[in-house]
Amino acid sequence: MFSGMNRQEACKAVLELCEEKKVRFIRLWFTDLLGFLKSFAITRQELEKALNEGMGFDGSSVEGYARIDESDMLAMPDPSTFAILPWGSGEFVVGRMFCDIITPDGKPYAGCPRYCLKRALERCRKAGFETMYVGPELEYFYFKGEGNTVPLDSGGYFDLVPRDVASDLRLRTMAVLEDVGIQVEYAHHECAASQHEIDLRYNDALTMADAVITYRLVVKEVALTSGVHATFMPKPVHGQNGSGMHVHQSLFTNGRNAFYDANSRYHLSQTAMHYTAGLMHHAKDIIGVCAQWVNSYKRLVPGYEAPVYITWARTNRSSMIRVPIYKPGHENATRIEFRAPDPAANPYLAFAAMLHAGLDGIEKKLEVPAPVECDVYHMTDAERKAEDIDNLPGSLREAIDHLESSDLMRQALGDHIFEKFVENKKIEWNDYRQQVHQYEIRRYLNTL
């Protein structure tokens, strides 16, 4: 809301708006290591102090944060992110701000995911670019209640189902998003039954990461008002498409799109090609944060439009990276689309990982292989081998092995987040592999 102001101006504007709108409580938001939203509320009387000094809290109970013997943290509100929450709290007007987590001596906390993305954007600026712009497409499912996967409809891609409850939910969700200052491009029914998508208008990576966190909460809050459960689980239903988060991205410098070149075949500059090569070169290393759950790898299988092979193309939606068709006069819209992430990822870490991979490609002038315009899924193993087409990891365990051995990912995440993240994911994998699943019961119990 106040992104064009310096911090002092934004703080003053927040205080004045809270007085004018009679805001009684302000929720301070931040995320843990995995991208789960954390919050505590302060009164308007504490707001000025919070803006000037931050608010102390115990970080030892936040996943991926400090040990109990070094647990004191400060949440420093970012006034540029202030918004009034449309759903309020009964008779009270409630605002919210995202926070940067700092240590008691005022230094950025190494375990803060938001700081991780800020470091990546600083590297971007040092490389000569103003910022990274991203436009994510987040898919999700509506189900009839928590704990089940009963769909609300049997619609398909772009279907308008008569008297569709979900259609109204989408419209209400779009209205709430716009009320909190998030621009929506469009919304529609997705491929699977009861699967939906609301696309956000592109913005700088930090603003967009905050928007993704807000988006996920708003989708769930609006669904709850109708007794519906919304989920961003990557693959909730066997035999149906999973939910992805296709991330459109580009770099800008001097107000111009550094990915655009009027004279190239795809209207992509050499910068864009090197960036794409970096994403492809490091795809196995970064996928562990872009698809960070055991369930993520149930989505990344052949036959459901999710990418499995490390390829790029102009129009081929079976490729991991796609180049949307250039529209004359829309140079700033030139971009690439990375299709491997899913909407349950921590957006701060995912965007940071993508940016570091792309910048590495630019700095090392990595070259992209030839585009693959045919359906990669229908190629034989021998054909893919002849074209030197590699696979994304097939499980969380494999993805974390690649991440753990990656110097780039240690640099991207920083030692603290890198080590905590790897530790957390190894625990998740071990918990998963020790479970006896219903598939095994159905297949083996009566036959073995």
Side-chain angles (χ1 to χ4, degrees), residues 191 234-235 238-239 241-242 244-247 249 264-266 268 270 272-325 336-342 345 350 353-354 356-409 425 429 433 439:
C191 294
K235 183 80 168 186
H238 171 69
N241 282 29
M245 180 177 69
H246 303 161
V247 182
Q249 51 201 282
S264 73
R265 181 181 175 188
Y266 296 100
L268 288 180
Q270 277 300 305
M273 300 301 273
H274 293 320
Y275 185 99
T276 301
L279 278 179
M280 294 181 69
H281 181 75
H282 294 291
K284 290 184 176 183
D285 299 336
I286 70 175
I287 193 63
V289 297
C290 296
Q292 69 177 43
W293 305 99
V294 162
N295 182 254
S296 298
Y297 297 85
K298 304 296 179 70
R299 167 183 168 257
L300 297 176
V301 296
Y304 296 97
E305 294 192 5
V308 177
Y309 305 106
I310 303 172
T311 60
W312 77 283
R314 184 173 185 182
T315 57
N316 185 359
R317 293 178 185 270
S318 68
S319 286
M320 185 187 76
I321 294 175
R322 188 179 73 92
V323 181
I325 294 174
I336 64 167
E337 176 191 7
F338 185 41
R339 298 171 61 82
D342 66 53
M354 293 176 218
H356 277 280
L359 290 174
D360 191 62
I362 293 171
E363 291 166 5
K364 293 178 178 175
K365 298 189 184 302
L366 299 179
E367 297 294 333
V368 291
V372 179
E373 297 293 1
C374 62
D375 189 342
V376 192
Y377 300 137
H378 288 103
M379 297 172 70
T380 66
D381 289 342
E383 288 171 335
R384 284 191 289 269
K385 185 176 181 180
E387 296 291 335
D388 200 25
I389 295 174
D390 203 354
N391 295 22
L392 286 169
S395 69
L396 179 64
R397 173 75 251 190
E398 188 182 345
I400 296 307
D401 285 345
H402 282 286
L403 190 156
E404 189 174 20
S405 63
S406 169
D407 292 336
L408 178 117
M409 285 306 295
K425 293 292 121 180
W429 176 256
R433 72 182 184 86
Y439 169 86

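Along the sequence shown, residues are numbered consecutively beginning with 1. What you see below is based on every heavy atom in this structure, not just the backbone, and it leaves out hydrogens, waters and symmetry mates.
- Taking every heavy atom of both residues into account, Leu392 and Ala283 meet most closely at CD2-CB, 4.0 Å.
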Trace of the side chain to side chain contact (heavy atoms under 4.5 Å, CB included) decision for Met379 with Val376:
CA-CA 5 Å; Met379 297 172 70; Val376 192; 4.2 Å; yes
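- Closest approach of Ala340 to Arg299, counting heavy atoms only: O-NH1, 2.8 Å.
- Taking CG of Leu396 as the start and NZ of Lys425 as the end, the distance is 6.0 Å to the nearest 0.5 Å.
- Across every non-hydrogen atom of Pro341 and Met354, the tightest pair is CG-CE, 3.7 Å.
- By the 4.0 Å N-to-carboxylate-O rule, Arg397 lies close enough to Asp401 to be salt-bridged with it.
- Considering CG of Asp342 and NZ of Lys298, their distance stands at 13.0 Å, rounded to 0.5 Å.
- The OG atom of Ser406 sits 11.0 Å away from the CD1 atom of Ile400 when rounded to the nearest 0.5 Å.
- Legend: salt bridge (charged side-chain N to carboxylate O under 4.0 Å, His left out) pairs involving residues 276-291, not counting sequence neighbours, sorted by first then second residue: Lys284-Asp390.
- The two residues Pro371 and Tyr266 have their closest heavy-atom pair at CG-OH, 3.2 Å.
- To the nearest 0.5 Å, the span separating CG on Leu300 from CE on Met320 amounts to 11.0 Å.
- The closest side-chain heavy-atom distance from Glu337 to Gln249 is not below 4.5 Å.
- Across Ala345 and Trp293, no two heavy atoms sit closer than the pair N-NE1, 4.5 Å.
- Of the inter-residue distances, the one linking Leu408 atom CG with His282 atom NE2 reads 4.5 Å to the nearest 0.5 angstrom.
- Counting only N and O atoms by type, the side chains of Glu398 and Tyr297 include no donor and acceptor under 3.5 Å apart.
- Of the listed residues (Thr311, Thr276, Val368), just one forms a side chain to side chain contact (heavy atoms under 4.5 Å, CB included) with Ile321, and that residue is Thr276.
- Contact check for Met280 versus Pro369: side-chain heavy atoms found under the 4.5 Å cut-off.
- Interatomic distance, Cys290 SG to Met245 CE, rounded to the nearest 0.5 Å: 7.0 Å.
- Here the options are Val372, Ile336, Val323, Leu279, the test is side chain to side chain contact (heavy atoms under 4.5 Å, CB included), and the partner is Trp312; only Val323 passes.
- Ala313 and Ser319 get closest at one heavy-atom pair: CB-OG, 3.5 Å.
- Between Tyr309 and Tyr377, the ring-plane angle classifies as tilted under the 30° and 60° cut-offs.
- Applying the salt bridge (charged side-chain N to carboxylate O under 4.0 Å, His left out) rule to Lys235 yields no partners; only residues at least two apart in sequence or on another chain are considered.
- You'll find the side chain of Asp381 reaches within 4.5 Å of the side chain of Arg384, heavy atoms only.
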